[in-house]
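Below is one structure, written out as C-alpha cells; comments come after it.
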Amino acid sequence: MTRSIVFPRAILAAETETAARRLLGALLVRGTGPEARVGRIVEVEAYVGEDDLASHARFGRTRRNAVMFGPPGVAYVYLVYGMHHCLNVITEPAGRPAALLVRAVEPVAGVDSMRAARIDRAVRRAGRRGEAAIERTRSALAGMPAEHLAGGPGLVCDAFSIDESDSGLDLCDAASPLRLEIAVGDATLPVEMGPRIGIDYAPEPWRSRPWRFFVPGSPSVSTGPRRGPGGSAP
DNA sequence: GCAAAGATTTGCT
DNA sequence: GCAAATCTTTGCC
C-alpha cells in the first residue's frame, strides 16, 4: 500500500525551470484505491511567460489559455491537431503565465486500465478505417510494453483518460480525481535537457531554448514525432 | 465571416 | 520519409 503525499504547490510556484527538475520523478495519479492509474513523470517541457513565442501565452490572455495566468498546481489541458490532448501543470505565481507540458510518464500501477484507455481512444479513431484497422490497432496495443503506453504527450492523456474537462483541476488537491503525488524514497534523479519538440513555428532564440527536461535512460521518454533511432535509448 | 495552422500520432509509399 | 486525420483557436478581410 503506497502512502499518498500530495505534491507541494510551493515547488510549482517557483521558477519554472527549477520546478521542472522537481516535477520529474513525481507521480501522476488518476483515481483511488486498487483501480488507480499511477505513472512516474520522466519528461516535461517548460513554457514560460508571454515573451516565450512558443507558448500559447504569446497571444496574451485568451479563453483557452486563461488557466495559465492562474495559480500554480492547476491542470491546463487543450486539444492539438484536432485529435490529441496535452496535459500541462501550471507553474509560478498567479498573473505570470507559465506551465510544464507533461510529455512522458512511466507506468507504475494500473497498467491494465491505461492499456484499456489507450485502446478505447485508438479504436475510436481507427473506426473510420474499417474493422481490419480496428483489429490491428487493438492487437498492437495489447502487445505493447507497459513503458511505451504513455511515451508521448498525447499518449499520456489517452492512457489517463484526460480531456478538456480536466482543465482547471487542482493537481495539488488530495481529493482531486487527477493529481500529483511525491514519489517516496526517490533518490536524486539525473536530468538532461534539450530543445523543445514540435515548435518549429517559433523564432530564435525560443526555438532552441533547452527547455525540455527528461530522465536519461528511461524507456518511456519520447523523442517527438516518430520515435527516432537513438532517441528512446540513450 | 473565412482561411490557416497547430506544444501529435499513425499509416502507407 | 511523407502525408493524413481532424477541429479549435487565431488572424485577417
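A note on names: the letters A, B, ... follow the listed sequences, proteins ahead of strands, and every chain is numbered from 1.
- Across all strands shown, A/Ala126 has no heavy atoms under 4.0 Å from either base or sugar-phosphate atoms.
- Ranked by how close their nearest DNA chain B nucleotide is to the 5' end, A/Glu45 and A/Arg136 are led by A/Glu45.
- Per the geometry, CG belonging to A/Asp158 stands 19 Å off P belonging to C/dA5, to the nearest Å.
- Taking atom CZ of A/Arg129 as the reference point, atom C1' of C/dA3 lies 13 Å away to the nearest angstrom.
- When atom types are taken as modelled, the side chain of A/Arg96 and the backbone of A/Pro93 share no donor-acceptor pair closer than 3.5 angstrom.
- A/Arg37 and A/Ser113 are not linked by any side-chain donor-acceptor pair at a separation below 3.5 angstrom, with hydrogens and angles left out of the test.
- Atom C1' of C/dA3 sits at a distance of 15 Å from the matching atom of B/dA5, rounded to the whole Å.
- For the pair A/Arg64 CZ and C/dT9 P, the computed distance is 7 Å after rounding to whole Å.
- Side-chain atoms of A/Asn88 and A/Val77, non-hydrogen and from C-beta on, never get closer than 4.5 Å to each other.
- Judged by distance alone with a 3.5 Å cut-off, a donor-acceptor contact links the side chain of A/Tyr78 to the base of B/dA7.
- Checked against B/dT9, C/dT6, C/dT8, the side chain of A/Leu79 finds its nearest nucleotide in C/dT8.
- When the P atom is compared between B/dA4 and C/dA4, the two are found 16 Å apart, to the nearest whole Å.
- If you check C/dT6, B/dT9, B/dA7 against the side chain of A/Tyr76, the one that comes closest is B/dA7.
- Between the NE2 atom of A/His85 and the C1' atom of C/dT9 there is a distance of 15 Å, given to the nearest Å.
- Under a cut-off of 6.0 angstrom, the local environment of CZ in A/Arg22 is sparse, with at most 12 non-hydrogen atoms contributed by other residues, nucleotides or ligands.
- In this structure, CZ of A/Arg121 is placed 16 Å from P of C/dT6, rounded to the nearest angstrom.
- When the C1' atom of B/dA7 is taken as reference, atom OH of A/Tyr81 falls 7 Å away, rounded to whole Å.
- If you check every strand for non-hydrogen atoms under 4.0 Å, A/Arg118 touches sugar and phosphate atoms only.
- The backbone N or O of A/Thr62 lies less than 3.5 Å from a partner atom in the side chain of A/Asn65, making a donor-acceptor pair.
- Residue A/Arg128 has its side chain nearest to C/dT6 when only C/dT9, C/dT6, C/dT8 are considered.
- The side chain of A/His56 places no N or O atom within less than 4.0 Å of a non-bridging phosphate oxygen (OP1 or OP2) of C/dT9.
- Between A/Tyr47 and B/dA7, a base-stacking contact is recorded: ring centres under 5.5 Å apart, planes less than 30° from parallel.
- Separating the CZ atom of A/Arg138 from the P atom of B/dG11 is a distance of 14 Å, rounded to the nearest angstrom.
- The phosphate of B/dT8 has OP1 or OP2 within less than 4.0 Å of a side-chain N or O from A/Arg103.
- Between A/Met144 and A/Gly198, it is A/Gly198 whose nearest contact on DNA chain B lies nearer the 5' terminus.
- Candidate nucleotides B/dA7, B/dT8, B/dC12 were compared by shortest atom distance to the side chain of A/Leu101, and B/dA7 ranks first.
- In this structure, a donor-acceptor pair under 3.5 Å is absent between the side chains of A/Ser220 and A/Glu147.
- Under the 3.5 Å distance criterion, the side-chain polar atoms of A/Glu17 are left unmatched by any main-chain donor or acceptor of A/Trp211.
- Listed nucleotides: B/dT8, C/dT10, B/dG11. Nearest to the side chain of A/Thr62: C/dT10.
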- How does DNA chain C look in dot-bracket form if you count Watson-Crick and G-U pairs under 3.5 Å, write [ ] for pairs that cross, and put | where a base pairs with another strand? |||||.||||||.

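- Taking only side-chain atoms of A/Leu155, from C-beta outward, the nucleotide of B/dT10, B/dG11, C/dG11 with the closest atom is B/dT10.
- Distance A/Trp206 CH2 to B/dG6 P: 18 Å, rounded to the nearest Å.
- A salt bridge is defined here as a Lys NZ or Arg NE, NH1 or NH2 lying under 4.0 Å from an Asp or Glu carboxylate O, and A/Asp166 with A/Arg30 meets this definition.
- Checked against the 6.0 Å centroid threshold, A/His56 and A/Tyr78 count as a close aromatic pair.
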